[in-house]
Amino acid sequence: MIYTAGIDIGSTYVKSLILSEDGQLVGRALIRTGFKLGEAAEKALQVALTQANLHQDDIAYIATTGYGRFQVPFRNVNITDLTASARGARFLFPKTNTILDVGGQTMKATRLDDHGKVKSFRLNDKCAAGTGAFLEKTAHYMGFNTEEIGPLAVTSKEPVPISGVCAVFAESEVINCLSQGSAPADIMQGAIISLTDRAVQLMKRVQMEPEFTLVGGILRFESMVRVIREKIGANVNVPQGDLVQFTSALGAALLARQRLQKINQQNAVPA
């Protein structure tokens, strides 16, 4: 059996995924990125290998993606995160035409052509208010951790409007809302709605077309998925469980398999 691996080195987490030649996901891992990107990528791969009961020598080809994709010395190829997420999304949902990817430090909207290639894309401004960090900061100001964002937001009864102009100013806005007696759940849902407004604007700028696929760590919060669905007035695809965070790593592993197949064909000796 031939195996390939995709490693997505994001600003917050490193995601590693191992794919068999018949398209089975045999191992995956998610760890905090930290400051030593290469070491984090190696650790994530080792965890995925252990889960798959494999050794690194069993991996025929490794592709990296994400902002830290150049910092992995044992890679065979590096791939842009736009290309990787496009391949992963189309693998999971073949009719995908528009992708929204919301991570800890970035937000990207991408429209694909008929062949699954990136046709147009837009990125958030260089401000945390347009990323998952905005939600994390809002939660931390109120004494909650990142994993509590989803459960907290779904209990909201009356969301509080949050301007979301700048994450730096979010603290004073949150403090002001708390002092006026607003419930933390309503403030959290207000922040999600603010972030969603920015996401939908990005999707409009790429001239979004159905089907829509949502990926990235922040899209694991059901309340945000629900708001996006309501704002665009259409159904959306969301990978099941934690796979929503592994879509780019999956795409990288798929592209690694494709690259390996081409190399093997080129090296084949004619009969």
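- Proximity of F74 to I7: side-chain heavy atoms (C-beta onward) are separated by under 4.5 Å at one or more points.
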### Query
Does the side chain to side chain contact (heavy atoms under 4.5 Å, CB included) test come out yes or no for M203 and T98, once each step is laid out?
CA-CA 8 Å; M203 295 172 73; T98 306; 4.3 Å; yes

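- Between the D58 side chain and the H55 main chain, a donor and an acceptor come within less than 3.5 Å of each other.
- K36 is linked by a side-chain contact (heavy atoms from CB on, under 4.5 Å) to E39, counting only residues two or more places apart in sequence or in another chain.
- L178 is connected to F134 through a chain of hydrophobic side-chain contacts under 4.5 Å among Ile, Leu, Val, Met, Phe, Trp and Tyr, so both are in one cluster.
- Considering only heavy atoms from C-beta on, Q71 stays 4.5 Å or farther from I9 through its side chain.
- Put simply, the side chain of N76 never gets that close to the backbone of A63: no donor and acceptor are under 3.5 Å apart.
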### Task
Show your reasoning for whether side chain to side chain contact (heavy atoms under 4.5 Å, CB included) applies to M224 and T196.
CA-CA 7 Å; M224 183 162 181; T196 301; 3.7 Å; yes

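- Between the CD1 atom in I31 and the CD atom in E42 there is a gap of 10.0 Å [rounded to 0.5 Å].
- Interatomic distance, F144 CZ to I149 CD1, rounded to the nearest 0.5 Å: 10.5 Å.
- Contact record, E209 with N97: O-CB, 3.5 Å, taken as the closest heavy-atom pair.
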#### Entry: Verdict with supporting geometry, T106 and K108, side chain to side chain donor-acceptor pair (under 3.5 Å)
CA-CA 7 Å; T106 59; K108 301 179 285 287; 3.3 Å; yes

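- V154 and M188 sit in two unconnected hydrophobic clusters of ILVMFWY residues. Membership requires side-chain heavy atoms under 4.5 Å apart, directly or through other members.
- V244 and V227 sit in two unconnected hydrophobic clusters of ILVMFWY residues. Membership requires side-chain heavy atoms under 4.5 Å apart, directly or through other members.
- Counting heavy atoms from C-beta outward, V238 and V236 have side chains that approach closer than 4.5 Å.
- By the side-chain contact (heavy atoms from CB on, under 4.5 Å) test, T50 pairs with no residue at all, sequence neighbours left out.
- Although no hydrogens or angles enter the test, the distance criterion places a donor-acceptor pair under 3.5 Å between the side chain of S85 and the main chain of D81.
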### Task
Would you sort out whether R226 and E230 count as a salt bridge (charged side-chain N to carboxylate O under 4.0 Å, His left out), showing the intermediate values?
CA-CA 6 Å; R226 174 173 52 80; E230 292 171 355; 3.7 Å; yes

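- Note that CG of L195 and CG of L135 are 5.0 Å apart. Values are rounded to the nearest 0.5 Å.
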### Intermediate values then yes/no, side chain to side chain contact (heavy atoms under 4.5 Å, CB included), L49 and I59
CA-CA 9 Å; L49 286 168; I59 308 300; 3.7 Å; yes

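- Using a 4.5 Å heavy-atom cutoff, the side chains of D101 and S248 are in contact.
- With a 6.0 Å radius and a threshold of 12 heavy atoms from other residues, nucleotides or ligands, R259 has its CZ atom at or below the threshold.
- Put simply, the side chain of T65 gets close to the backbone of T80: a donor and an acceptor are under 3.5 Å apart.
- M142 and I218 fall within a single hydrophobic cluster, where Ile, Leu, Val, Met, Phe, Trp and Tyr side chains are chained together by heavy-atom contacts under 4.5 Å.
- Residues that satisfy the side-chain contact (heavy atoms from CB on, under 4.5 Å) test with E147, not counting sequence neighbours, are Y13, N145, R220.
- Taken to the nearest 0.5 Å, the CD atom of Q56 stands 5.0 Å off from the CG atom of L45.
- Across I192 and A153, no two heavy atoms sit closer than the pair CD1-CB, 3.6 Å.
- In this structure, the side chains of Q207 and S120 stay at 4.5 Å or more apart for every pair of heavy atoms.
- Although no hydrogens or angles enter the test, the distance criterion places no donor-acceptor pair under 3.5 Å between the side chain of N237 and the main chain of T213.
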### Query
After noting the C-alpha distance and the side-chain angles of Q201 and R122, does the key distance pass the side chain to side chain donor-acceptor pair (under 3.5 Å) rule?
CA-CA 10 Å; Q201 287 302 314; R122 291 292 186 273; over 6 Å; no

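- Shortest non-hydrogen contact noted between A256 and A5 is CB-O, 4.1 Å.
- Within a 6.0 Å radius of CG in D22, other residues, nucleotides and ligands contribute more than 12 heavy atoms.
- Counting only residues at least two apart or on different chains, the salt bridge (Lys or Arg N to Asp or Glu O under 4.0 Å) pairs with a member in residues 1-12 are D8-K15.
- Counting only residues at least two apart or on different chains, the side chain to side chain donor-acceptor pair (under 3.5 Å) pairs with a member in residues 149-162 are S156-D186.
- Of the inter-residue distances, the one linking L100 atom CG with L219 atom CG reads 5.5 Å to the nearest 0.5 angstrom.
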### Task
Begin from the C-alpha positions of K117 and T83 and carry the test side chain to side chain contact (heavy atoms under 4.5 Å, CB included) through to its verdict.
CA-CA 7 Å; K117 304 290 187 181; T83 299; over 6 Å; no

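- Side-chain heavy atoms closer than 4.5 Å link hydrophobic residues (I, L, V, M, F, W, Y) into clusters, and following such links, possibly through other members, connects I99 to F121.
- With contacts defined as side-chain heavy-atom distances shorter than 4.5 Å, the pair Y141/I187 does not qualify.
- The minimum heavy-atom distance between D113 and R90, with the atom names listed, is O-NH2, 3.1 Å.
- Side-chain contact between L255 and R87: present, with at least one pair of heavy atoms (C-beta onward) separated by less than 4.5 Å.
- Using a cutoff of 4.0 Å between basic side-chain nitrogens and carboxylate oxygens, R257 and E21 are not scored as salt-bridged.
- Side-chain atoms of N267 come within 3.5 Å of backbone N or O of I263 as a donor-acceptor pair.
- Counting all heavy atoms, side chain and backbone alike, A48 lies closest to A29 at N-CB, 3.8 Å.
- Expressed to the nearest 0.5 Å, how far CG of L260 lies from OH of Y61 amounts to 7.5 Å.
- Evaluation of the side-chain contact (heavy atoms from CB on, under 4.5 Å) rule for L25 yields L17, L19, R28, L243, L250 as partners, not counting sequence neighbours.
- For the pair T110/L112, a side-chain contact is recorded, criterion being any heavy-atom separation below 4.5 Å from C-beta on.
- Considering all non-hydrogen atoms of both residues, S20 and V26 come closest at CB-CG1, 4.2 Å.
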